[in-house]
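In what follows, a single structure is set out as structure tokens and then discussed.
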There are 2 protein chains.
Amino acid sequence: MNSAPLQHLSGDKADKAKVILDGALQVFTADGYAAASMGRIAAAAGVSKPTLYSYFQDKEGLFVALIQQLTHNLRYTILHLPLDLDPQEPPEQILRQMATSTLNEFSRNASLLTLMRLVIGESERFPDLSRTFVREIIKPMVERFSAFLATHACFGHSDPMVAARIFSGAIAHYLIMQHILHGDDILPLERDRMVNGLIEMMVSYP
Amino acid sequence: MNSAPLQHLSGDKADKAKVILDGALQVFTADGYAAASMGRIAAAAGVSKPTLYSYFQDKEGLFVALIQQLTHNLRYTILHLPLDLDPQEPPEQILRQMATSTLNEFSRNASLLTLMRLVIGESERFPDLSRTFVREIIKPMVERFSAFLATHACFGHSDPMVAARIFSGAIAHYLIMQHILHGDDILPLERDRMVNGLIEMMVSYP
DNA sequence: GTCTATATAGGGATAGAC
DNA sequence: GTCTATCCCTATATAGAC
């Protein structure tokens, strides 16, 4: 449970913890939790196994620390994503940019999709990690969409919270189908076509 | 690769294969692929390990056979689901029943959510299984929705295929958030409230 | 045909050297 | 503080008995 090194430490220690987490990311990403071995993580990080255990209590502690770090980073990325939007644009255009930015970021940064896959795949073994994911990532993202939809009358949803969940659900489902489940060839769908249809549906009275 | 017993066999053989698959379902469901052990599967099925290996080539073969069977069953369930709909109802009501039936079936039958979790979680190790899932489950489901939306002008979507993906994406995302990621307490949302918002959004000109 | 018993390998975790 | 070497356990897969 208690996997120490998130406070400030002397530079070398923090660096080595980061090196270990980078190795852990590679191996857990490729193999999943159970099939990953501490030996391969050590090799990927360029340290020995006892060093792993001096920084993290055990395999579970290392995995939890990694997922929490990825969740934290993703939260930061998501919440700071649409800062470059132009508030002068019509709301419909801003929503389009939100969808496009989100899809671009997830497609560009593979580790975000990796996190989704790991969290879903390990949701029975690590239910608290999945709850953290919902609380830190999904909830703020949906609430941001909901607030935006609620403050712009042109969307005219009687229930902006539900509209926001449909909006983010469509984006997440698209990413899972095309990129995680390798459905690109079986169920092809261009990103822009998807976004066009989504915006059209969000605007109630065109 | 070649894990034989899907053809017709003498009754006992087919029965024992089914018993083994039932045990495999329990263990793979609880532990995931890598952490599951053939010993526990044998125990859950009430047979010995060599019997497992006489019916399935190895652990991979058993897992692939299990997922393919679950996929097949789920396809059957999904495609025969809305047979009890009343074609006299207005299209909006039929769509509501489609959403409600799908949500009910997935909530009632836990093995369907289990399949989604396993397929997503093992999508890197077994990419072909995830493609099969998309081809056999997602594609026909989306195409059914799309055909329904296209043939009822009241929905008025310029791109029914995209509308169908948003529709099924919203449902899938709801199930993943509430049931797989245990987000019920963090992001509560009643089923009927979700369905109401979804139908409202699918109908273009209310 | 099915089970007991086992060969063989690999992983988690640690004791002790440097 | 980090590594080498090792302990102990569990897992996959199979040989041989019944």
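Below, chain A is the first sequence line, B the second, and so on; all start at residue 1. The basis for the numbers below is simple: all heavy atoms, side chains too, and nothing from hydrogens, waters or symmetry mates.
- Taking every heavy atom of both residues into account, B/Thr51 and B/Ile20 meet most closely at O-CD1, 4.2 Å.
- Of the side-chain N and O atoms in A/Tyr55, one or more sit less than 4.0 angstrom from OP1 or OP2 of D/dT2.
- Atom CD of A/Gln57 and atom C1' of C/dG12 are 13 Å apart (whole Å).
- Rounded to whole Å, atom P of C/dC3 lies 13 Å from atom NZ of B/Lys49.
- Taking the six-membered ring for Trp and the full ring otherwise, the centers of A/Phe126 and A/Tyr33 sit less than 6.0 Å from each other.
- Between the P atom of C/dG11 and the CD atom of A/Glu60 lies a distance of 18 Å, rounded to the nearest Å.
- Atom OH in B/Tyr53 sits roughly 16 Å away from atom P in C/dT2 (whole-Å rounding).
- Taking every heavy atom of both residues into account, B/Leu187 and A/Arg165 meet most closely at O-NH1, 3.0 Å.
- As a whole-Å value, the separation of B/Asp15 CG from C/dG1 P is 15 Å.
- Contact annotation for B/Ala36: backbone-only contact, meaning every heavy-atom pair under 4.0 Å involves sugar-phosphate atoms and none involves a base.
- For the OP1/OP2 pair of C/dC3 and a distance below 4.0 Å, the side-chain nitrogens and oxygens of B/Thr51 include at least one atom meeting the criterion.
- Separating the CG atom of B/Leu52 from the P atom of C/dT4 is a distance of 14 Å, rounded to the nearest angstrom.
- Looking at the side chain of A/Pro50, the nearest of the listed nucleotides D/dT2, D/dT4, C/dT2 is D/dT4.
- Nearest-nucleotide assignment on DNA chain D puts the 5′-proximal partner with A/Val47, out of B/Gly39 and A/Val47.
- Distances shorter than 4.0 Å separate none of the side-chain N or O atoms of A/Arg40 from OP1 or OP2 on C/dG10.
- Between B/Tyr76 and B/His80, a ring centre-to-centre spacing shorter than 6.0 Å is recorded.
- The residue B/Ser48 sits close to a base: some heavy atom pair falls under 4.0 Å.
- Phosphate proximity of D/dT2 to A/Lys16: present, with a side-chain N or O under 4.0 Å from OP1 or OP2.
- Using a 30° and 60° split on the angle between ring planes, B/His157 and B/Phe155 fall in the parallel class, below 30°.
- Distance, A/Phe63 CZ to C/dG12 P: 13 Å, rounded to whole Å.
- Between B/Asp58 atom CG and D/dA11 atom C1' the separation is 14 Å, expressed in whole Å.
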